[in-house]
Number of protein chains: 6
Amino acid sequence: MPFVNIKITKEGATPEQKDKLIKGATDLLQKVLGKNPQTTFVIIDEVETDNWGIAGQSVTLRRKRGE
Amino acid sequence: MPFVNIKITKEGATPEQKDKLIKGATDLLQKVLGKNPQTTFVIIDEVETDNWGIAGQSVTLRRKRGE
Amino acid sequence: MPFVNIKITKEGATPEQKDKLIKGATDLLQKVLGKNPQTTFVIIDEVETDNWGIAGQSVTLRRKRGE
Amino acid sequence: MPFVNIKITKEGATPEQKDKLIKGATDLLQKVLGKNPQTTFVIIDEVETDNWGIAGQSVTLRRKRGE
Amino acid sequence: MPFVNIKITKEGATPEQKDKLIKGATDLLQKVLGKNPQTTFVIIDEVETDNWGIAGQSVTLRRKRGE
Amino acid sequence: MPFVNIKITKEGATPEQKDKLIKGATDLLQKVLGKNPQTTFVIIDEVETDNWGIAGQSVTLRRKRGE
């Protein structure tokens with residue numbers, strides 16, 4: 001009964017891509033640890049680029065500066 | 001000073017229902033462990049059905065397939 | 001298929017008390033939102049008092065100072 | 001490579017304020033533990049006041065009651 | 001710069017299995033969304049079976065009852 | 001009433017260092033957003049190096065390889 005939380009920046013991931021993340025994470029837990037897919041949860045959080053920081057600045061700023 | 005995080009799919013929970021979740025979770029911690037309600041936090045996250053997966057597929061897909 | 005995470009300080013909660021938290025949180029989601037208990041997850045995190053801060057100091061320090 | 005998650009109520013924090021939180025949290029980890037800012041992540045979650053409870057009631061209700 | 005948190009029950013996952021989870025989750029984000037592995041974080045939380053509940057009871061109890 | 005969660009690798013942070021993180025994070029929220037320290041929570045999670053991955057491998061492996 002694993003629980004997987006994937007946090008990504010909110011930049012247009014499609015429902016198809018989200019389905020692939022859900023399927024892929026569920027398969028991974030089954031393959032590596034034999035976990036039952038029926039009770040595997042995956043939650044994807046999409047975070048605004050203003051709200052995600054790395055190296056002391058927001059992703060919004062990093063993108064503007066070309067980093 | 002407990003902290004409770006409740007994640008549900010975003011499907012129209014009303015402010016009244018959220019208040020009941022907050023009140024109920026706070027009462028539960030007080031009743032079972034004697035925790036002070038004044039310093040009990042409850043945060044409710046409402047997750048889009050595209051972003052919540054179970055059994056390897058999104059809740060959006062499950063609903064379409066009648067599961 | 002709700003997911004509930006309860007964080008408490010690690011101060012001797014018994015397995016029986018944890019069972020009551022699990023049962024109580026599951027019942028709450030069923031009662032308020034009609035959620036299926038079969039797919040309700042509850043995870044309890046017990047946090048060392050050194051690692052939990054409130055009002056700018058750790059719970060360990062607060063306890064020593066009688067707060 | 002620390003990871004910091006800051007949850008606040010959604011009440012109009014500006015991008016500039018968020019940048020200060022990101023910068024401040026990153027600096028703190030460097031100053032106290034010598035952590036490399038390049039691999040320090042900060043994620044800010046802004047939570048609706050209906051979805052945040054303290055002392056058994058939502059922040060929305062607390063604000064209405066002048067608390 | 002995705003962040004992935006995998007929660008599993010604490011039941012003897014080996015360092016090799018954990019490495020496979022880390023590698024697999026990182027690859028998944030790269031394959032599906034083109035995310036840079038260099039800034040992909042994965043954190044695995046191992047949760048005691050007393051502290052994980054499903055269907056209103058702890059995993060410890062479920063295992064005893066043969067479920 | 002902010003909530004801050006700081007995740008670091010478990011590598012010997014002292015109670016004094018944790019106190020500084022708690023104090024620093026609480027001050028930051030007060031300074032930037034005027035948040036009341038009395039209702040600011042900080043939780044520090046210390047994660048085993050086997051359980052933290054970056055760039056597709058665990059921190060344990062990275063340390064062995066001198067990265």
Say you draw a straight line from [atom1] of [X] to [atom2] of [Y]; how long is it, rounded to the nearest 0.5 Å?
| X | Y | atom1 | atom2 | result |
| --- | --- | --- | --- | --- |
| D:T9 | B:I43 | OG1 | CD1 | 9.0 Å |
| D:S58 | B:K20 | OG | NZ | 13.5 Å |
| D:K7 | B:F3 | NZ | CZ | 5.5 Å |
| B:K18 | D:T60 | NZ | OG1 | 8.5 Å |

- Largest heavy-atom contact set with chain D, pairs under 4.5 Å, which of B:I22, B:N36, B:T39, B:I6: B:I22
- Note on the structure: Answer key: most heavy-atom pairs under 4.5 Å with chain D among B:V4, B:V42, B:D45 is B:V42
- Just by distance, with hydrogens left out, do B:D19 and D:Q57 show a side-chain donor and acceptor under 3.5 Å apart? no
- Message: Quick check on B:K35: does its NZ atom have over 12 non-hydrogen neighbours (other residues, nucleotides or ligands) under 6.0 Å away?
- Response: yes
- Query: Does any heavy atom of chain D fall under 4.5 Å from the side chain of B:K23, the backbone, both, or neither of them?
  - Reply: both
- Query: Looking only at heavy atoms, which two atoms of D:D50 and B:P15 are closest? And how far apart?
  - Reply: OD2-CG, 3.7 Å
